[in-house]
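Since the structure comes first, as structure tokens, the remarks are kept for the end.
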Amino acid sequence: MTHIGVLTAGGDCPGLNAAIRGVVARAVADGAEVSGIADGWAGLMDGRVRQLSRDDVRGILTRGGTILGTSRTDPFEHGDGLTSLRPVLEETGMDRVVVIGGDGSLRTAARLGDEGLPVVGVPKTIDNDIEGTDISFGFDTAVQIVTDAIDRLTTTAEAHNRIMVVEVMGRHSGWIAIHAGLAGGAEAILVPERGYDLDELAARIVTRHRSGRDYSIVIVAEGVPGPSGDMVLAGLDLTGFERLGGVSNLIAAELEARTGYETRVMILGHLQRGGTPTAFDRVLATRMGIRAAEAALAGDSGVMVACRGQEITLVPLSTAVALPRTVPESRLAEVDWFLA
Ligand code: F6P
């Protein structure tokens, strides 16, 4: 009998449970056995695997997080690659794996695929930075959360004639910054794809306030370099992964000094990844999960499920993980006057 393993790896995002549910429901309907692997690749290395029935995934569609748990453990960095996974694969009879992950986890999946493990990838990330798919689930929810936050921050900023610098996730790309900045009516958006000029931005803000607008919202993607040109790190996590965060404090200090307007900072951080997914993300994640199960059932390997236009299709994992998907020049040009 076909035996599909499913895991979630890397940072979580809203929609993971919807995708797991899609995989399980579709595969079980075809008579396949499905096992849930705990905490990403870690569970496949140390044997934390449990069978998932259709009943096990009832009621999880709307839940944030992941019922399987996740981690940034990597079998190549923290083990001997496929060799570290073989004992559990053989013991359980699992003969293919659906990997729901971001760029790092999908890169690992591609490598394991090259070594002979049948793998199907599903892109997930709030950052929306995976190549090969028009959109990843998690992104729509994050944009909605940031937009709600901007709406609230606007009224308090306006009451005090302040600048509010709002830092959002986006390690390599400004997708969240641009979408939420447009939806929330931000005065300026700083993204990793472009440089920025603080003198020019400060002058714009002063003109704006003098003309009667009593607040300015400045959106900063966490991956934007600081005023000195260096990336601002918040440290390393326990797997050695570089944590970003805090660049907005440096930018805010410069803006306050240049404009003379009080400036406050809001780093939205993990709030952007928590809670229930939007209807859009529930649908996208479910469709991707179903398509991944179909690919795994058909014996496809080295592929990633992708959304192209309105269709859910398959693309080679190798093209999907080659480079992060940044905001293209055409999209930046559309909002050129907002970019600082
Ligand atoms: O999922 C990607 C991401 O959201 C990045 O934007 C951010 O830098 C990172 O995850 C934070 O991850 P962690 O949960 O390890 O702090």
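One-based numbering along the sequence shown. Counting starts at 1 for both ligands and their atoms, in listed order. Since the structure is predicted, the reported quantities are computational estimates derived from the model, not experimental observations.
Annotation: side-chain hydrogen bond (donor to acceptor under 3.5 Å, both in side chains) contacts involving residues 123-137, sequence neighbours excluded, are absent.
In this structure, R282 forms no cation-pi arrangement with F137, as its terminal cationic atom is not both closer than 6.0 Å to the ring centre and no more than 45° off the ring axis.
Just one of R208, R162, E158 meets the side chain to side chain donor-acceptor pair (under 3.5 Å) condition when paired with S216; it is R208.
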Per-pair distances, ligand 1 N/O vs protein N/O, less than 3.5 Å:
unit_1, atom_1, unit_2, atom_2, d
ligand 1, 4 (O), R273, NH1, 3.3
ligand 1, 6 (O), D127, OD1, 3.0
ligand 1, 6 (O), D127, OD2, 2.8
ligand 1, 6 (O), E222, OE2, 2.6
ligand 1, 8 (O), R171, NE, 3.2
ligand 1, 8 (O), R171, NH2, 3.2
ligand 1, 8 (O), E222, OE1, 3.4
ligand 1, 8 (O), E222, OE2, 2.7
ligand 1, 10 (O), R273, NH1, 3.0
ligand 1, 12 (O), R72, NH2, 3.4
ligand 1, 12 (O), R273, NH1, 3.2
ligand 1, 14 (O), H270, NE2, 3.1
ligand 1, 14 (O), R273, NH1, 3.1
ligand 1, 14 (O), R273, NH2, 2.7
ligand 1, 15 (O), R72, NH1, 2.5
ligand 1, 16 (O), H270, NE2, 2.8

Can you check side-chain contact (heavy atoms from CB on, under 4.5 Å) on L44 and M94, steps first, answer last?
CA-CA 10 Å; L44 202 47; M94 199 185 293; 4.1 Å; yes
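At a cut-off of 3.5 Å, with distance as the only test, a side-chain donor of T108 or D74 sits close to an acceptor on the other residue.
We find that R194 and E329 are joined by a salt bridge, their nearest charged nitrogen and carboxylate oxygen being less than 4.0 Å apart.
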